[in-house]
Number of protein chains: 2
Amino acid sequence: MSPTLPSGLLGDLDPTSDRAVFRQIADQLREAIDRGRFSEGEKLPSEAELVEHYGVSRMTVRNSFSILQGEGLVHAEHGKGVFVRPRPPVRRLASDRFARRHREQGKSAFIVEADAAGSHPQVDSLEVKEEKASQDISTRLGSVRRVLARRRRYLLDGRPVEFATSYLPLDIARGTQIAEPNPGPGGIYARLEELGHHLDHFEEEIRARMPSPDEVKTLRLASGVPVIHLIRTAFDTEGRAVEVCDTVMAADAYVLSYQLPAT
Amino acid sequence: MSPTLPSGLLGDLDPTSDRAVFRQIADQLREAIDRGRFSEGEKLPSEAELVEHYGVSRMTVRNSFSILQGEGLVHAEHGKGVFVRPRPPVRRLASDRFARRHREQGKSAFIVEADAAGSHPQVDSLEVKEEKASQDISTRLGSVRRVLARRRRYLLDGRPVEFATSYLPLDIARGTQIAEPNPGPGGIYARLEELGHHLDHFEEEIRARMPSPDEVKTLRLASGVPVIHLIRTAFDTEGRAVEVCDTVMAADAYVLSYQLPAT
DNA sequence: CACGCATACTCGTATAGACGAGTGGGCAAG
DNA sequence: CTTGCCCACTCGTCTATACGAGTATGCGTG
């Protein structure tokens with residue numbers, strides 16, 4: 001016996017409307033969520049309840065849910081129900097995050113920042129190896145054939161939020177501490193400067209798109225969550241590109257912040 | 001009589017696999033697209049053809065398509081078919097796009113840049129009015145109650161790519177050319193400087209998320225296309241926030257590019 | 001030749017039913 | 001009381017069918 005839905009929570013359908021029934025249902029649920037009638041993490045009415053309430057078939061209700069899932073508003077849990085997706089706390093990335101003064105302490109920027117915010121940071125999937133440069137990486141680094149690739153995944157409170165790969169030309173990185181799993185205090189940028197590659201500036205390219213199935217797995221992304229794809233190139237004072245860092249971030253976990261001069 | 005699918009184009013299902021049938025079909029189509037067996041803009045096999053090829057029901061095939069749509073890989077056209085979504089040319093936004101030297105000509109940055117790229121730019125939905133500031137805008141502008149809002153939509157070759165609203169404190173903008181539909185050569189930043197508000201720097205905040213239904217309409221977004229949400233605040237040399245610009249961009253039309261000093 | 005309609009193909013919407021699998025609570029046996 | 005099972009409820013997957021609506025093509029009529 002499914003309990004009846006509280007009346008007034010959701011409206012009725014308009015049979016004269018051009019709008020498809022499953023869209024009307026999605027509209028009503030979306031509005032109810034926006035108005036706070038369902039709060040974050042709260043369970044929505046079950047499929048069976050909505051079937052009864054609206055007098056439609058189950059597939060129609062599921063269709064409505066799939067719209068809301070695509071919008072990133074709700075997520076379904078097998079055996080439990082459909083829930084309003086809570087907005088996770090976002091991490092702000094400031095444009096000065098690679099300033100030298102942040103490189104002085106022993107720990108990485110990610111760890112320091114997360115500790116300060118009271119969350120529990122982790123880094124895993126550490127892989128460091130030499131490999132063939134892709135066409136794109138080769139172009140960005142100035143026609144190198146092989147590169148040192150450093151891959152790692154960042155987690156906050158157990159949740160993966162970011163997957164990054166740094167590429168460095170072999171003639172710079174091979175045999176140095178940069179090729180070690182732990183690059184030492186201040187990270188690879190500190191090592192690059194010690195090796196005489198004084199950093200001059202960075203270029204960052206930002207795109208947003210839906211994740212590939214691989215990225216969904218690695219970042220454990222809910223449906224309806226895009227990724228931010230950031231490609232940073234580091235240039236030394238000679239004008240040479242000394243590192244390219246390719247980062248894929250869960251878009252619901254980040255706000256990027258840049259400060260630009262108005263010159 | 002539906003023509004048989006060319007054999008070898010798509011594989012068979014693995015009935016022993018745990019992976020749901022509609023996911024297997026989506027996987028095969030995705031792989032075929034990635035490998036270039038279907039090129040951009042090309043029509044995929046019709047639902048009926050896939051039903052016959054795989055021996056499944058139509059809803060299963062549609063389910064597969066809806067996965068690929070969610071990933072932004074394909075789009076369906078009623079009465080025509082399902083097509084590999086072409087990647088539109090992207091517009092690169094450089095971080096120096098608001099430099100003074102770009103304000104010298106009479107035309108706006110958007111128009112100049114698009115003309116140079118050989119595409120046909122348009123600006124529409126022009127609306128300029130005074131209104132109550134939202135909580136967020138008020139905070140960013142330093143506790144103002146009412147603001148001047150300038151709304152406009154940008155199109156490239158007839159395709160909407162961006163929707164932007166500028167908010168300015170009334171005590172600065174009221175009665176000036178900034179409150180006119182056409183703010184004159186160099187745009188509102190040029191007017192602000194003439195009014196004695198010399199620009200010092202900008203702050204930009206970047207988020208990515210799935211669009212609201214409104215945004216889907218305004219930007220005519222295909223399913224599976226996220227938006228980039230950029231909020232820029234302009235500060236004058238007194239440290240006062242003189243403008244907040246809230247921009248929603250079709251993510252498949254943009255690459256943002258920033259240059260950062262390594263100080 | 002030009003126009004208009006019939007038709008076949010496309011995807012869109014909706015129904016009804018079946019079985020599977022994850023979750024959690026209650027009940028019965030130990 | 002604890003353990004373990006069963007059952008009810010949840011969403012996940014899949015089939016089969018029906019009709020509607022947009023598109024394109026070709027054929028027949030004027």
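A, B, ... follow the sequence lines: proteins, then strands. Residue 1 opens every chain. This one's a predicted model, so the numbers in the text were calculated from it and none came from an experiment.
Spacing between atom NZ of B:Lys43 and atom C1' of D:dA24 amounts to 12 Å, rounded to whole angstrom units. The nearest whole Å value for the distance from the CD atom in A:Gln24 to the C1' atom in C:dA14 is 13 Å. Rounded to whole Å, the distance from CG on B:Leu50 to C1' on C:dC9 is 15 Å. With rounding to whole Å, A:Arg58 atom CZ is found 19 Å from C:dT13 atom P. Whole-Å rounding puts the B:Asn63 CG to D:dT15 C1' distance at 13 Å. Summarising the geometry, the separation between OH on A:Tyr54 and P on C:dA14 is reported as 13 Å, rounded to the nearest angstrom. Rounded to whole Å, the distance from CD on A:Glu77 to P on D:dC11 is 11 Å. Distance CZ (B:Arg19) to C1' (D:dC14): 16 Å, rounded to an integer number of Å.
The side chain of A:Met59 has C:dA16 as its nearest neighbour among C:dA16, D:dG22, C:dT13. Here the nucleotide nearest the side chain of A:His78, chosen from D:dT15, C:dG12, C:dG22, is C:dG22.
Here the CG-CD distance, from B:Leu29 to B:Gln24, works out to 12.0 Å after rounding to the nearest 0.5 Å. The line from CZ of A:Arg151 to NZ of A:Lys129 is 5.5 Å long, rounded to the nearest 0.5 Å. Between atom CD of residue B:Gln28 and atom CG of residue B:Asp12 there is a gap of 7.5 Å, rounded to the nearest 0.5 Å. Atom CD1 of A:Ile228 is separated from atom OG1 of A:Thr247 by 11.0 Å, given to the nearest 0.5 angstrom.
In this structure, A:Ser46 reaches the D:dT10 phosphate: one of its side-chain N or O atoms is under 4.0 Å from OP1 or OP2. Look at A:Ser57 and you won't find any side-chain N or O under 4.0 angstrom from OP1 or OP2 of C:dG17.
Within 3.5 Å, no donor on the side chain of A:Arg23 pairs with an acceptor on the base of C:dG12, nor the reverse.
Map B:Lys80 and A:Arg62 each onto its nearest nucleotide of DNA chain D; the residue landing nearer the 5' end is A:Arg62. Of the residues near DNA chain C, A:Val21 and B:Glu47, the one whose nearest nucleotide (by heavy atom distance) lies more toward the 5' end is B:Glu47.
A heavy-atom distance below 4.5 Å is not found between the side chains of B:Val90 and A:Arg207.
Among the heavy atoms of the strands, none lies under 4.0 Å from A:Phe65.
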